[in-house]
Amino acid sequence: WWITQAWKDGILVCAATGNDNRSDGRTHRGLSYPALHPHVIAVGAMNRKDGRWSWSNYGQGLSVVAPGVSIPTTTRAGVDPDEDLLANPGYTQVFSGTSAATPHVAGLAALLISAYPGLQKKPDHIQRIIEESAEELPGYSYTDYSHRRTRNGAIPKGREDHTGFGLIKVMAALDHAAAEAAAGAF
């Protein structure tokens, strides 16, 4: 219930799909909770070669993918708590997975709100902008929606089960938001 309430309150939730290399088939069972919730941007992980990270869960509920391999983290694991953190901060760890990919998407959502305050409390708009500006990746079969049109006459993005709508693209998302702002969409 909390995710639905957050959505109603204008809060966008981004969640990792999980690291079990599972597909959800025609259900959302392959995605970890809360990524399987319909009011969540479900984030999968990409490898360094523009492919799905081999352990990233996937399926119909997947929204987008983001870099998720060897991502630097601010963990202090293994650092002596009595050590002088200014001399040796201990922030040299990296990690991989959908939990490493998800902050990229949350950061993009925050950047969009910062650049376009009219998006504040509009999680549906933010999610759509992120998904529609994602880059379709070579080697994947995206659904052809060329026979459909959106409210403004645009052809909707295709999606596929391994990468969702594709790899997030910051500049494309900002450009997309700028066009929608200029058109008075928010």
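All residue numbers refer to positions in the sequence shown, counting from 1. Here the structure is a predicted model, which is why all the values come from computation and not from measurement.
Not a single donor-acceptor pair under 3.5 Å links the side chain of Y140 to the backbone N or O of R159.
Closest heavy-atom contact between D20 and S32: OD2-OG, 4.4 Å. Residues S56 and T98 share a closest heavy-atom pair of OG-CG2, 3.4 Å. Pairing each heavy atom of E135 with each of Y142, the nearest pair is O-OH, 4.3 Å. Shown here for A101 and G44, the closest heavy-atom pair between the two residues is CB-O, 3.5 Å. In terms of heavy atoms, A42 sits closest to L31 at CB-CD1, 4.3 Å. Nearest heavy-atom pair, A16 versus S99, reported as atom, atom and distance to 0.1 Å: CB-N, 3.7 Å.
Atoms CG and OG, on N19 and S96 in that order, are 9.0 Å from each other to the nearest 0.5 Å. Taken to the nearest 0.5 Å, the CG atom of L167 stands 6.5 Å off from the CG atom of D50. The CG atom of L112 sits 8.0 Å away from the CZ atom of F186 when rounded to the nearest 0.5 Å. L111 contributes atom CG, which lies 11.0 Å from atom CD1 of I126 (distance to the nearest 0.5 angstrom). H162 contributes atom NE2, which lies 10.0 Å from atom OG of S141 (distance to the nearest 0.5 angstrom). We find the CG-CH2 distance between N47 and W53 to be 10.5 Å, quoted to the nearest 0.5 Å.
F95 and W55 are not part of a single hydrophobic cluster, where members link through side-chain heavy atoms under 4.5 Å apart. At a threshold of 4.5 Å between side-chain heavy atoms, the hydrophobic network of Ile, Leu, Val, Met, Phe, Trp and Tyr places L174 and V105 in one connected group. Under the 4.5 Å side-chain heavy-atom criterion for grouping Ile, Leu, Val, Met, Phe, Trp and Tyr, I113 is connected to I130 within one hydrophobic cluster.
Residues L12 and W7 form a side-chain contact, since some pair of their non-hydrogen atoms from C-beta on lies under 4.5 Å apart. Looking only at side-chain heavy atoms (C-beta outward), V13 and H37 stay at 4.5 Å or farther from each other. Between D161 and L62, the closest side-chain pair of non-hydrogen atoms is not below 4.5 Å. Side chains of M46 and V69 form no contact here, defined as non-hydrogen atoms less than 4.5 Å apart. The closest side-chain heavy-atom distance from D175 to S133 is not below 4.5 Å. Between E136 and E160, the closest side-chain pair of non-hydrogen atoms is not below 4.5 Å. Side-chain contact between P123 and H39 is absent, with no heavy atoms from C-beta onward closer than 4.5 Å. A 4.5 Å side-chain heavy-atom check between Y33 and L36 finds at least one atom pair inside the cut-off.
For the residue pair H125/E180, the side-chain donor-acceptor check at 3.5 Å is not satisfied.
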Report the C-alpha distance between V64 and K169 in whole Å, list the side-chain angles of each, state the deciding distance to 0.1 Å, and finish with yes or no for side-chain contact (heavy atoms from CB on, under 4.5 Å). CA-CA 10 Å; V64 292; K169 301 304 272 184; over 6 Å; no

Show, in sequence, the C-alpha distance, side-chain angles and deciding distance for F165 and V65, and conclude whether the side-chain contact (heavy atoms from CB on, under 4.5 Å) test is met. CA-CA 8 Å; F165 289 94; V65 292; over 6 Å; no

